[in-house]
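Worksheet for the structure shown next.
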There are 4 protein chains.
Amino acid sequence: MTPRPNVSEMRTRQIIEAATAVFAAKGFDVATMEDIADAAGINKATIYLYLKNKDALIRAIAEQLFAQELAGLQAAHDLPGAATERLTAYYESLIADEAEVLPLMPIFYEFCALGLRRDEVRAVISEFIDQVTGLLESIIQDGIDSGEFAPTEARQAARALDALLSGTLLHWVYAPEEVDVDAQLRYGIRLMFRGLANHP
Amino acid sequence: MTPRPNVSEMRTRQIIEAATAVFAAKGFDVATMEDIADAAGINKATIYLYLKNKDALIRAIAEQLFAQELAGLQAAHDLPGAATERLTAYYESLIADEAEVLPLMPIFYEFCALGLRRDEVRAVISEFIDQVTGLLESIIQDGIDSGEFAPTEARQAARALDALLSGTLLHWVYAPEEVDVDAQLRYGIRLMFRGLANHP
Amino acid sequence: MTPRPNVSEMRTRQIIEAATAVFAAKGFDVATMEDIADAAGINKATIYLYLKNKDALIRAIAEQLFAQELAGLQAAHDLPGAATERLTAYYESLIADEAEVLPLMPIFYEFCALGLRRDEVRAVISEFIDQVTGLLESIIQDGIDSGEFAPTEARQAARALDALLSGTLLHWVYAPEEVDVDAQLRYGIRLMFRGLANHP
Amino acid sequence: MTPRPNVSEMRTRQIIEAATAVFAAKGFDVATMEDIADAAGINKATIYLYLKNKDALIRAIAEQLFAQELAGLQAAHDLPGAATERLTAYYESLIADEAEVLPLMPIFYEFCALGLRRDEVRAVISEFIDQVTGLLESIIQDGIDSGEFAPTEARQAARALDALLSGTLLHWVYAPEEVDVDAQLRYGIRLMFRGLANHP
DNA sequence: GATGAATGAGGTTTCATTCAT
DNA sequence: TATGAATGAAACCTCATTCAT
């Protein structure tokens with residue numbers, strides 16, 4: 001009913017977008033509210049009209065990033081077809097977003113560090129990991145049920161799979177010239193699939 | 001007359017040790033030099049007698065951590081016996097150090113974040129990852145040569161293995177109550193071994 | 001609507017004024033930014049909104065002082081009349097400002113010391129001395145052209161005159177009770193005039 | 001009677017010498033006790049065995065410099081001959097020491113600034129100026145008595161002369177390439193002599 | 001006499017945050 | 001809604017000085 005509830009929402013988005021870029025480039029602590037305001041083309045004080053403080057801004061970014069990430073996995077999960085195909089679709093979507101994912105990695109690691117020290121942040125990350133694990137588990141369970149995979153502890157397998165994916169990202173961002181993400185991910189997953197496979 | 005050139009060296013160690021704990025607890029930026037001095041039981045200014053500045057302190061910690069980590073892998077690498085056994089020895093040493101490793105994880109992630117923004121830090125991490133990969137590759141290659149593993153791209157396999165290990169750490173630190181590291185790591189590695197195995 | 005672009009300019013002036021007094025009283029290095037802020041009745045951090053740092057503050061003061069000083073000489077230079085009268089007007093203006101000039105002497109000497117060590121400062125002082133010399137030279141040349149003074153090297157005479165003036169200030173500030181500036185300056189100038197005069 | 005009272009004295013001299021160079025190069029406040037110790041090739045703490053503190057060090061330097069300077073003037077004063085010749089001898093000795101005097105100028109100006117703020121320093125400088133003035137006055141009075149100079153206020157003349165000399169130094173140090181000290185000083189003095197001369 | 005080690009005190013500068021307009 | 005101006009709090013680092021050896 002309100003005429004334009006989106007004006008405020010758009011400003012918030014604009015700020016979060018600018019902040020994401022600035023935080024990625026400088027780090028949460030080094031980046032200043034002024035840096036962010038400049039990047040957003042607004043005044044420093046204006047940020048406080050939309051976000052309580054720097055911490056809230058960081059949290060807002062986290063939520064947005066995790067939501068995006070989850071959406072991708074959820075989409076793969078909802079796909080019809082074989083488990084291996086759905087999982088492959090997931091990691092291919094990861095690779096497809098390469099240009100967007102890479103610059104966000106510093107934020108991701110910083111979050112991981114932050115989460116080990118501040119409980120509110122920890123809760124957000126734990127929840128995220130839990131959901132990712134759950135979706136992967138569900139897909140794997142489908143694979144087991146369909147006979148694609150040998151019977152196994154689906155949740156452990158899900159964690160192993162996610163571990164492989166996120167660990168591969170680390171190698172990728174630190175050796176982008178040597179590591180061909182596509183090939184490396186494909187290789188890792190194939191290994192896992194073979195490990196999980198229903199051998200004759 | 002007593003051979004005591006280590007007074008200085010011991011102080012440096014003392015400071016680094018205190019700083020490691022403080023940085024782990026608060027983060028590089030939030031932790032202050034005074035926090036560290038207090039933790040070491042010395043005066044703030046004394047730190048500067050042994051380390052040029054906060055950055056140098058951070059660097060010193062990084063080097064020490066990476067060196068320790070590498071030493072563990074190197075030891076496993078130098079072990080006699082089958083590749084699978086040597087790899088297993090490695091991850092078991094990781095688990096054995098649990099009490100020490102866990103509190104250092106925030107530092108590790110913070111480094112990963114830092115390294116993506118500052119080239120000097122990046123170089124240190126890249127080098128570390130490269131050495132880890134190299135050692136794992138060497139073990140895997142031995143496994144291939146001995147017929148334990150099917151012929152494969154040993155370097156890619158090494159990266160996949162390290163990815164699995166470090167990714168599992170992430171799950172562990174964020175769900176320590178649900179995740180049994182030992183079991184989870186064992187499970188992941190078994191999967192990989194089966195994937196790599198020379199099937200009849 | 002009111003034309004008030006000078007809010008910022010006035011604050012800057014306010015700060016410079018306070019800083020001038022504090023620097024004169026304590027010296028560039030001993031005076032703290034807090035001293036200056038207190039003297040200006042503002043917060044320490046506010047200074048940095050208007051001047052980049054302590055150095056910039058010092059520079060701003062130098063420029064202002066030299067500009068004022070030059071303005072006085074320029075005014076005397078632009079006067080009509082005989083050279084001796086114009087020069088006399090100059091030193092009289094110096095004496096008239098006694099109350100303002102005296103407390104600034106420490107700053108002047110400090111600048112002279114600083115200028116011998118830092119090239120950017122040196123440039124400012126060199127330029128100042130050069131302009132003073134130039135204006136005095138111009139007046140003296142007029143005196144030569146009009147037959148008031150005997151033909152001579154006007155630039156050297158100008159330097160000698162300025163040397164006498166500034167050297168007299170030194171005696172004055174260090175023996176204010178014994179030295180009657182007015183009489184002393186008048187005496188010195190008369191000596192010079194007689195030395196320069198066109199004797200029959 | 002003491003075997004070697006000069007060991008201590010020599011160390012003190014060594015320190016003062018080093019400090020003079022360091023202070024001249026960096027300024028009283030910026031130069032650190034460690035800078036000085038390094039320049040003297042000794043330990044920082046050793047300085048305190050010979051000089052109470054930084055202030056005492058600065059004072060010691062002042063005293064030494066002023067004593068040297070006075071000695072030069074005293075020597076000229078004690079010369080036989082005409083007043084103009086004795087005065088000329090003085091400024092020639094100044095010029096002869098050029099290589100030594102020039103690097104000390106920053107210290108001199110810094111002292112002048114310091115003296116206007118700290119009474120103990122002021123006393124030293126006032127005394128110095130007073131003695132210089134007294135010696136010059138004595139020479140000039142001799143010139144008057146001998147008929148070389150016209151009757152005049154010898155003390156005022158002395159101040160004017162010293163003002164000219166020290167003011168010329170300022171021009172010299174700030175325009176060393178344009179100003180030929182020798183010529184400039186000679187010129188200034190000639191002007192004064194003519195002004196003082198007993199015209200027919 | 002000489003010094004390596006230590007520290008208390010303090011200065012410059014930065015920044016998240018607030019508020020009047 | 002938006003912002004220019006202001007500030008309290010704090011962090012890094014330096015240095016004169018002391019003292020045990």
Side-chain angles (χ1 to χ4, degrees), chain A residues 4 7-8 11 28-37 40-58, chain B residues 1-2 4-5 7-8 10-11 28-37 40-57, chain C residues 1-2 4-5 7-8 10-11 26 28-37 40-57, chain D residues 4 7-8 10-11 28-37 40-58:
Chain A
R4 262 176 265 123
V7 171
S8 163
R11 260 276 188 279
F28 293 148
D29 286 282
V30 173
T32 73
M33 295 300 266
E34 190 144 29
D35 288 335
I36 294 165
I42 59 175
N43 185 277
K44 202 178 9 172
T46 304
I47 298 177
Y48 290 87
L49 295 179
Y50 298 91
L51 292 143
K52 186 176 167 50
N53 53 26
K54 198 178 182 180
D55 261 37
L57 183 48
I58 292 177
Chain B
M1 285 304 127
T2 40
R4 222 183 305 126
V7 174
S8 161
M10 289 180 70
R11 262 272 184 282
F28 293 147
D29 287 283
V30 173
T32 74
M33 295 303 267
E34 189 142 32
D35 289 336
I36 294 166
I42 58 175
N43 185 278
K44 202 181 5 175
T46 304
I47 298 177
Y48 291 89
L49 293 181
Y50 299 91
L51 292 144
K52 188 175 165 49
N53 53 28
K54 198 177 183 181
D55 257 38
L57 183 47
Chain C
M1 286 303 131
T2 40
R4 224 182 304 127
V7 173
S8 161
M10 289 180 71
R11 261 273 184 282
K26 297 197 169 192
F28 293 148
D29 287 282
V30 174
T32 75
M33 294 303 267
E34 190 142 30
D35 289 336
I36 294 165
I42 58 175
N43 186 277
K44 207 180 359 178
T46 304
I47 298 177
Y48 291 87
L49 294 181
Y50 298 91
L51 291 144
K52 189 176 165 50
N53 54 27
K54 200 179 182 179
D55 256 40
L57 184 47
Chain D
R4 262 177 263 122
V7 170
S8 163
M10 286 181 71
R11 260 274 190 280
F28 293 147
D29 287 281
V30 173
T32 74
M33 294 301 267
E34 190 143 29
D35 288 335
I36 294 166
I42 59 175
N43 185 277
K44 201 177 13 170
T46 305
I47 298 177
Y48 290 87
L49 295 179
Y50 298 91
L51 291 143
K52 187 176 165 50
N53 54 27
K54 199 178 182 181
D55 260 37
L57 184 47
I58 292 177

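The structure presented is a predicted model; accordingly, all values stated were derived computationally and were not measured. Per chain, numbering begins at 1; letters A, B, ... match sequence-line order.
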Just compare [options] and give me whichever is closest to any side-chain atom of [X].
X       : options               : result
A/Met33 : E/dT17, F/dT3, E/dT7  : E/dT17
B/Thr32 : E/dT7, F/dA11, F/dC19 : F/dA11
C/Lys54 : E/dT12, F/dG8, F/dA5  : E/dT12

5'-most by nearest nucleotide on DNA chain F - B/Ala45 or C/Ala45: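 Checking each residue's closest nucleotide, the 5'-ward one belongs to C/Ala45.
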
Position toward the 5' end of DNA chain F (nearest nucleotide), C/Tyr50 or D/Asp29: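 So the residue in question is C/Tyr50.
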
Touch class at under 4.0 angstrom, heavy-atom based, for A/Thr46 against every strand present: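 Base contact - A/Thr46 has a heavy atom under 4.0 Å of at least one base atom.
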
Sugar-phosphate only, base, or nothing, as touched by B/Ala31 at under 4.0 Å among non-hydrogen atoms: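 Sugar-phosphate: the residue B/Ala31, judged by heavy atoms under 4.0 Å, touches backbone atoms but no base.
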
Gap between atoms [atom1] and [atom2], on [X] and [N] respectively (whole Å):
X       : N      : atom1 : atom2 : answer
B/Asp35 : F/dA11 : CG    : P     : 7 Å
D/Phe28 : F/dA16 : CZ    : P     : 14 Å
B/Lys44 : E/dG8  : NZ    : C1'   : 9 Å
D/Met10 : E/dA2  : CE    : P     : 12 Å
D/Lys52 : F/dA16 : NZ    : P     : 16 Å
A/Ile47 : E/dT17 : CD1   : C1'   : 11 Å
C/Asn53 : E/dT12 : CG    : P     : 11 Å
C/Tyr48 : E/dG11 : OH    : P     : 12 Å

D/Leu49 and D/Arg11: CA distance, side-chain angles, deciding distance, side-chain contact (heavy atoms from CB on, under 4.5 Å) verdict: CA-CA 10 Å; D/Leu49 295 179; D/Arg11 260 274 190 280; over 6 Å; no

Nucleotide paired to E/dT21 in any strand shown, Watson-Crick or G-U, under 3.5 Å: F/dA2

Atom of C/Asp35, atom of C/Val30 and distance for their closest heavy-atom approach: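 The pair with the smallest heavy-atom distance is OD2-O, 4.2 Å.
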
Contact summary for A/Asn53 and A/Tyr48, nearest pair of heavy atoms: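 So the two residues come closest at CA-CE2, 4.0 Å.
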
Which residue lies more 5' along DNA chain E, comparing D/Gly41 with B/Leu49 via nearest heavy atoms: D/Gly41

First encountered from the 5' end of DNA chain E, between A/Asp55 and D/Asn43: D/Asn43

Distance test, side-chain N/O of C/Arg11 to OP1/OP2 of F/dG4, below 4.0 Å: no

Check: C/Lys26 side chain, C/Thr32 main-chain N or O, donor-acceptor pair, under 3.5 Å: no

Spatial distance of atom CG (C/Leu57) from atom OH (C/Tyr50) [nearest 0.5 Å]: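 Spacing of CG (C/Leu57) from OH (C/Tyr50) equals 14.0 Å.
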
